[in-house]
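Since the structure comes first, as structure tokens, the remarks are kept for the end.
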Amino acid sequence: MNNRLTEKFFCRDVLDVAPDLLGNIIARKFDDGSIKKYIICEVEAYRGEDDLACHASKGHTARTDVMYNKGGCIYVYLIYGIHWMLNIVTAEKNIPQAVLIRSIERYNGPGKLSKELQINKSFNAENVEESNRIWIEKNPNLTDKKIKLAKRIGIDYSGDIWKNKLWRFILDN
DNA sequence: CGCAAGATTGGC
DNA sequence: CCAATCTTGCGT
């Protein structure tokens, strides 16, 4: 049976996709053929060119190009020259939005989960609907989920309006 | 071409 | 508190 989440799920506004991702499952098939699955516990929404915390606020550049794809594409970038950040693009084509995966079960922090999942630049622009090494599955056992809202982390440079948005979503079960 | 800053983390 | 480490966007 195939529980993989598809275009229909990801081609919605990031403020709808982000909370809906919580409690669902990220699956990774490693080079040795083994597959591991993890529950998504915390995410953040980055929403369009107006959002000064979103990389797309710089406009359509080489780096942000992938965010202008339709939902389901992966956006990966290196921060501080050290950590890979794993995002999933949302919304329709030409609307630059993405969800940052901030934590999965047992791995708290976007840098740590990327290390566990062995994410690097080669995953940029890969599509989770089609990839054979990374995808998102619907969690069939997900019932009552409690979601906590919070401010996004590490974006103080973005100004009062944007840094105070409660666009971090945390699974609180 | 140079430079400053960054959606983080771990160590002092 | 602060360094690590390198890509990116922007100014010269």
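Sequence lines set the chain letters: A, B, ... in the order given, protein chains first and strands last, and positions in each chain run from 1. Heavy atoms only: backbone and side chains are in, while hydrogens, waters and symmetry mates are out.
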Checklist entry - Between A:Tyr46 and A:Glu44, is any side-chain donor less than 3.5 angstrom from a side-chain acceptor? => result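 Per modelled atom types, A:Tyr46 and A:Glu44 side chains form a pair under 3.5 Å.
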Over how many whole Å does the gap from [X] atom [atom1] to [N] atom [atom2] extend?
X: A:Lys151; N: B:dA7; atom1: NZ; atom2: P; result: 18 Å
X: A:Asp65; N: C:dT8; atom1: CG; atom2: P; result: 12 Å
X: A:Ile119; N: B:dA7; atom1: CD1; atom2: C1'; result: 16 Å
X: A:Leu113; N: B:dA7; atom1: CG; atom2: P; result: 16 Å
X: A:His60; N: C:dT8; atom1: NE2; atom2: C1'; result: 15 Å
X: A:Tyr77; N: B:dA5; atom1: OH; atom2: C1'; result: 13 Å
X: A:Ile82; N: B:dA5; atom1: CD1; atom2: P; result: 17 Å
X: A:Met67; N: B:dA7; atom1: CE; atom2: P; result: 10 Å

Select one nucleotide: of [options], the one nearest the side-chain heavy atoms of [X].
X: A:Pro110; options: B:dG10, B:dG6, B:dT8; result: B:dT8
X: A:Lys121; options: C:dT8, C:dC6, B:dA7; result: C:dT8
X: A:Lys58; options: B:dA7, C:dC10, B:dT9; result: C:dC10
X: A:His83; options: B:dA7, C:dA4, B:dT8; result: B:dT8
X: A:Thr61; options: C:dG9, C:dT7, B:dA7; result: C:dG9
X: A:Leu78; options: B:dT8, C:dA4, C:dC6; result: C:dC6

Next on the checklist: Quick check: on DNA chain B, is the nucleotide nearest A:Leu100 upstream (toward 5') of the one nearest A:Lys112, or the reverse? Name the residue that is more 5'.
Outcome noted: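 Nearest nucleotide further toward 5': that of A:Leu100.
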Any side-chain to backbone donor/acceptor pair from [X] onto [Y]? Under 3.5 Å, distance only.
X: A:Asn69; Y: A:Val66; value: yes
X: A:Thr61; Y: A:Thr64; value: yes
X: A:Arg28; Y: A:Lys36; value: no

Checklist entry - Would you say a side-chain N or O of A:His55 is under 4.0 Å from OP1 or OP2 of B:dA7? => result yes
Item to check | Under 4.0 angstrom between A:Arg168 side-chain N/O and B:dA7 OP1 or OP2 | outcome: no
Item to check | Close side-chain approach of A:Val43 to A:Arg168, heavy-atom, < 4.5 Å | outcome: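 Not in contact.
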Next on the checklist: salt bridge (Lys or Arg N to Asp or Glu O under 4.0 Å) for A:Glu126 and A:Arg133? Distances and angles first, verdict last.
Outcome noted: CA-CA 10 Å; A:Glu126 193 145 324; A:Arg133 54 180 185 160; 2.8 Å; yes
Next on the checklist: For a quick check of understanding: with a heavy-atom distance under 4.0 Å over all strands, which category does A:Arg152 fall into, base, sugar-phosphate or nothing?
Outcome noted: nothing
Next on the checklist: Classify A:Ile155 by what it touches in the nucleic acid, base, sugar-phosphate, or nothing, heavy-atom distance under 4.0 Å.
Outcome noted: sugar-phosphate
Next on the checklist: Stacking between B:dG6 and A:Tyr157, yes or no? Criterion: centroid separation under 5.5 angstrom, plane angle under 30 degrees.
Outcome noted: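 Here the ring of A:Tyr157 and the base of B:dG6 are not stacked, as the 5.5 Å and 30° limits are not both satisfied.
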Item to check | Nucleotide opposite B:dA7 in a Watson-Crick or G-U pair, distances under 3.5 Å | outcome: none
